[in-house]
Structures are given as structure tokens and as C-alpha cells.
Amino acid sequence: MKKIQPFLNMNMRKRILIFFLFLSLIPTIVVGFASLGITRRELVKQSFQSGIEITDRMIAELDTRLSEIDNLFQVVTDTPALQTAMRQVFDGKQEQYSVDLKISSDLSVISQYNSDISGVYVIGENGGIYKSNNNSLNALDLRDRDWYREVLSSGETISFSPHRYSYVVKTVDSGYLSFGRAFVDIASGRRTGIILIELEQSIFSSIIDRWKDLGFVAICDQNGSPVLSSDSARNSPEIISSLKSMEFLPLQESTLASYLPDRSSTYSMNAASDNSYIVIQKALPWCGWTLYSAISTDHLNASGLKITSAILLISAITGILCIFCSMLISDTITRPLGKLVALIGQVKQGNFQVQMPIRGKDEISTLGRHFNDMIHHIQRLLEEIREGSQKLRKSELAALQAQIAPHFLYNTLDSIIWLIRSGQRQQAIEMTRALSGFFRLGISRGYDIISLRDELEHVKSYLIIQKIRYDEKFSYTIQADPDILDCYVLKLILQPLVENAIYHGIKPTDRVCRIDISAGKQEDWILLKVRDNGRGMTEEEFSRLKADLESPGPSQSYGLKNVKLRLDIFFEEQCSLNIQSGYGTGTEITIRIPRHFHPANPV
């Protein structure tokens, strides 16, 4: 809280300005950076997908060319002359030579269907060697070579690492790729030799050079040795050597998974240790090779530099406009608020003749109209308070005058004289003491509010006087909850009710009656009850009494209406006076007032 206190101590204009700047600049910055991130992400996505598509085309073309080699193996194997020659045992060199010429001629024709092939060679277990070109053999017998034994013993196509010279014939230093498969006798299923197809490495340059703008491409064999690679890969041998130790994950599990088209689900991905490349891996199952397409991160990020500059410039311009608009909005709001604060200051000094000028229909104008309405309402309330105060004083004065009415005072004093003359001095003393207490508590030093204890004591004094006067006419009880005796009530609210009970409920009867006074609590309320079992009221009398109490003019039930009027003035809607009566059963009057009432002038 202490950290924001300086902000709370600022004037409204500065706080609104800071608030609007915060609301405008923060979204602008967030949107700017979000746009930057989204744009760069899209550019990276496009570059990455472009790399995937180029990789797909490379793989498709490599697969086509390698599939042609696979078909060529089958064509060679199915050649009838070769099937016969590979079974034949030659009697002499002359016979073998003539067969070699015939078969080599057939192989030359077969190899012409694929211009990528450098040579097709068939080497038999019977010593025969057949070739598609006219180059001289490296040796007259090649059956002892490792590559020959490896191919013959395998039932699958074998690919060999790149080698500088041909395995079979004498060639210049060109670089070759060799594929071998065992030659199978169709009749017996026995392996009678091998077929070896050689291609020059250079024929694949046109395929992998498509990648040169994105990064590098490398094709490695089963041992991780590079079979083919682009120029950029050959210039970075350390990256090629690190491919063996990389742990590749499926692209769906990588951060680039959202960039993938559906067809790319067979790819795997990793990054170079220095994050300079994103390496995409895919196996070529036909020959056991693995393709590595490395996309340079510099290439991926280069496209976003210009976009970054443009977005930052736009964000800066937007920020300046936000500052200007914030100042304008702040002035628009705080200027009329300042005027309103000044007017409130005048009201505080007691000037209720001020008016807020209204211009427009916005919230501040509405606030100004409410302020003007409030001033008018306060003026009316002040007038009502003055009128209510006057009515209250008049009511209290009337109540006091009613208490000291000559006939009540005369009758009481006459009763005291009669008691003294008849020798009932103790009763005379008791009545005199009660009369003294009655007037003392009724006056209560001019206060309007007294404790419930004093109010009960006051009505008790009144009852003592009346009980002595009407000894055989009634009895009474007073009960109160001790928890509420110190609560405050409006004075002189019980005595008029007791007086009504005596003169209008008990005196008209010819029997001994009873008056019960109780004070209790109900939640946050005090309930005061005065009940008698005297004459009661008929329905017509009860209706007339209710109408009399609600009418604004003079009332025949002066004491009861006096109590209701004073209760309404003091407590407004937070009090109630309820009357229940039945003819022949008596009357009960209940007053409900707030329990936690704190007066300004308690006794």
C-alpha cells in the first residue's frame, strides 16, 4: 500500500493521464510485439515449409532414380542369356570370351535406358565377368574381393560408400556410388553371382543444389559416412561429423510441429549444438541411406528483420498518438470535475445557492445534474428538519402541559390532603414522593432522550399515584429485560399509553382490571408493550381511532397521537406503533424502536 501512496496522492489529472497512458501504451506494446512475433513466426513457417517441400521433391527424385536402379536389377536378372551363362561351365577361354561379348553387348543395351548409370556389371561364381562398357577390367578374377563376398552373401540390395574409382573397371578419379545384389538362378533359386551397378556422384548435384540457398544437404549411408552432400556441407565437415551423435525426435514432438503439412509426419528434427542449423532427417529405406536437410537459422531470421523495423516504427508512432490522446482525454474529464470540486467546497462552507453548469449528456454532465438535484434535495430536507423540529417541540410542550393539566394536579393534591386528614400519612407520603418523581423524570433536565430504566421509573410513579387514587380498580405489573435497561428511548412514550388504558379501558368497567407493562428485545429491536384487560374497542371505534391517528389535524386521542408523532419524527421509518383491541377483552399497544440508538444528548 505504501508503494502506491505517491500515486494516490497525485491530483486527478495526473492519475487519469498515467492511467490512460498505461491502458493505451501497454496494449500498443503488447500488440506490437505480438504482431512482430506472429509475423516472424509466419515467415519462419513459410521458410520451414518451403524447406520441407524442397526436401520432398529431392526425396521424390532420388526415390525415382533409385527405383530405376531396382528395376534394372530385375531386368538384368530376368535376361535369359545371363541365366544360361551364369549356369555354364566353360571348357576354354575362347568359349568364355564369345559369351562375354554377347552378354556385355546385352548389358550395354540395357544400361542405355538410364543415362545416370556409369556401368552395369555381372560377376559369376563360374568366373564369368560381364560389363556394359568397354573399359578394361581391374582384374581377371574379382571373386576374392570383399565387396563381392558381401553382396553374394546378402539377400538384399547393398549400397557402398562413395569411392574414387570403379570396383570393376579402370576409370579416372571421378567418384562413384555402387549398388550390389546377388544374381539368383531362376530355376534353382541358387545365388550364382552378383550384379553391380555404379553411378557417378556428380549426377546427384542437380538435385541437392536446390537446397544451397537454405543451408546444406547431406545423404549418409548406414555407417553415417556421407554419400552425397552439397558444397556448403563439404565446407562444414564438423557439422557432417556431428550428425551421427544427434538425437532426432519426430517433428510432431518438436516446437516446429505446427509448421508441418500432414505428409511430413515421417520426418525427424534436431538442431546443431550452436543453434546455427535446424536439421531435418528422413530415412531412404530402399538403400538404407539417411537424408539430412539443414536449414540455416540465419536464413529463417533474415526475412523478419525488415518486418521488425516496420512494426517498431509503427508502434513508436502509435505510442506518441496515445500520449497526445491521453492528455486530451484527461483534460476533458478533469476540468469539469475541478469545477464540481470547487462548488462542493462552497457547499461545505454553507452556500447552498450554487449550481453546476451542464453541457452535454455524458456521465460528468449527469453527475452535475445529480449534484444540482442533491442541492435542491438538501434545501428541502433542511426545511423539513426545521419544520419537524418545531413540531417536535410543540408536541413535547403539549405533552408536558398535558401532564400538569390542572385537573390531574388538583385531583392528586386533593387525594393527598384527604389521605392526611384520614390519618393515612404513609400513603400520603408515598403519593407525594411518586408525584415528585413523576415531574422530575418528566422534565428530565430538558433532554428528549432518556434511558429505558428512567422511562419505566417515570411510568411507575404515575401508576403509584393512580393506584392510590383507584385502589380497588386495577393492579399492574412492570417487567423488563435487564440487558436493555440502559438503552435509550424517547421520553414520555409509556405514560400516555397507561393513561389511555386507565381512563378509556378500565374506568368504564365495573370490575377489577389489570395493566401489564413489558420491555423486551427482538434481534436489534426493543419492544415496549402496554396491555390492559379492560373494556377494549368495538370495530367501529377501532377504525375511527386508526383514521384519527393517520389524519394530520387535531385528534381526540391526543396522548396516543402525540406519542406516534414524536416517534415518527425521531426515528422516521425505523419505528412502529401497533394497536390490537377487542371489545370486552382489552387493548394492547406495542412500540418497536431501534435497540442500538445513540442520541446526541443522552441523560
Side-chain angles (χ1 to χ4, degrees), residues 399 402-403 405 407-408 411-412 415 434 438 452 455-481 484-485 489-523 525-551 553-568 571 575-593 595:
Q403 291 181 57
H407 71 275
F408 172 73
N411 291 336
T412 303
S415 296
F438 176 80
L452 177 59
E455 178 67 10
L456 292 174
E457 190 66 30
H458 177 262
V459 76
K460 181 179 178 181
S461 298
Y462 177 78
L463 281 168
I464 290 173
I465 296 172
Q466 298 290 41
K467 183 70 171 64
I468 294 173
R469 293 182 62 194
Y470 305 101
D471 185 25
E472 302 299 330
K473 197 65 178 174
F474 71 92
S475 63
Y476 69 89
T477 61
I478 300 176
Q479 296 180 343
D481 188 331
I484 60 173
L485 288 177
V489 297
L490 186 64
K491 73 177 181 179
L492 302 180
I493 56 175
L494 291 178
Q495 182 270 329
L497 306 185
V498 173
E499 183 177 351
N500 269 1
I502 294 173
Y503 287 102
H504 300 289
I506 295 175
K507 283 187 70 175
T509 65
D510 55 359
R511 55 186 172 86
V512 178
C513 297
R514 179 186 180 92
I515 298 176
D516 295 315
I517 302 171
S518 65
K521 61 183 178 181
Q522 184 182 66
E523 296 180 354
W525 302 95
I526 293 175
L527 299 181
L528 303 177
K529 293 184 180 181
V530 176
R531 190 184 189 289
D532 69 80
N533 60 350
R535 175 180 177 275
M537 290 181 281
T538 63
E539 292 185 3
E540 181 181 354
E541 291 173 333
F542 185 66
S543 299
R544 190 164 53 247
L545 174 63
K546 289 176 62 178
D548 195 22
L549 292 177
E550 296 298 330
S551 66
S555 172
Q556 293 181 353
S557 303
Y558 180 80
L560 191 59
K561 187 168 185 178
N562 180 279
V563 171
K564 184 178 185 304
L565 177 62
R566 290 191 298 123
L567 286 173
D568 290 340
F571 299 105
C575 69
S576 64
L577 188 149
N578 183 50
I579 303 174
Q580 292 180 333
S581 182
Y583 185 72
T585 60
T587 302
E588 180 180 277
I589 301 176
T590 303
I591 295 175
R592 190 183 74 162
I593 59 176
R595 178 181 176 186

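What's counted below: heavy atoms across the whole structure, side chains too, no hydrogens, waters or symmetry copies. Remember, it's a predicted structure, so these values are computed and weren't measured experimentally.
The main-chain N or O of T509 is found under 3.5 Å from a side-chain atom of K473 such that the two form a donor-acceptor pair. With Q479 contributing its side chain and A519 its backbone, the two residues share no donor-acceptor pair below 3.5 Å.
Interatomic distance, L567 CG to I593 CD1, rounded to the nearest 0.5 Å: 7.5 Å. The CD atom of Q522 sits 5.0 Å away from the CG atom of L527 when rounded to the nearest 0.5 Å. With rounding to the nearest 0.5 angstrom, the CZ atom of R535 is 5.0 Å from the OH atom of Y583. To the nearest 0.5 Å, the span separating CG on L494 from CD on E457 amounts to 12.5 Å. The distance from the NZ atom of K521 to the CG atom of D481 is 5.0 Å, given to the nearest 0.5 Å. Atom CD1 in I515 sits 9.0 Å away from atom CG in N533 (nearest 0.5 Å).
For the pair E541 and H504, the minimum side-chain heavy-atom distance is 4.5 Å or more. For the pair L528/L497, no side-chain contact is recorded, criterion being any heavy-atom separation below 4.5 Å from C-beta on. Side chains of L456 and L485 form a contact here, defined as non-hydrogen atoms less than 4.5 Å apart. Inter-residue side-chain proximity for D568 and C575 is flagged as met; some heavy-atom pair is nearer than 4.5 Å. With contacts defined as side-chain heavy-atom distances shorter than 4.5 Å, the pair L463/I517 qualifies. With a 4.5 Å cut-off on side-chain heavy atoms, Y476 and V530 do not count as touching. Between F542 and I579 the shortest side-chain heavy-atom distance falls below 4.5 Å.
Between D532 and G505, the closest heavy-atom pair is OD1-CA, 4.3 Å. Between I493 and E455, the shortest heavy-atom contact is N-OE2, 2.9 Å. The two residues K561 and D548 make their nearest non-hydrogen contact at NZ-O, 3.3 Å.
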Name every donor-acceptor pair, under 3.5 Å, that has one atom in a side chain of residues 584-592 and the other anywhere in the protein, sequence neighbours excluded.
from : atom 1 : to   : atom 2 : distance (Å)
T585 : OG1    : G582 : O      : 2.9
T587 : OG1    : S581 : OG     : 2.9

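Salt-bridge annotation for E540 and R544: present, with a side-chain N of the basic residue lying under 4.0 Å from a carboxylate O of the acidic one.
The side-chain hydrogen bond (donor to acceptor under 3.5 Å, both in side chains) test applied to K467 returns D471, not counting sequence neighbours. For the salt bridge (Lys or Arg N to Asp or Glu O under 4.0 Å) test, no residue two or more places apart in sequence or in another chain qualifies with R595. Residues forming a side-chain hydrogen bond (donor to acceptor under 3.5 Å, both in side chains) with K460 (at least two apart in sequence, or on another chain): none. For K507, the side-chain hydrogen bond (donor to acceptor under 3.5 Å, both in side chains) test picks out no residue, with sequence neighbours left out. Taking the side-chain hydrogen bond (donor to acceptor under 3.5 Å, both in side chains) definition, one finds that T477 meets it with D516, sequence neighbours left out.
Counting only N and O atoms by type, the side chains of Y503 and E499 include no donor and acceptor under 3.5 Å apart.
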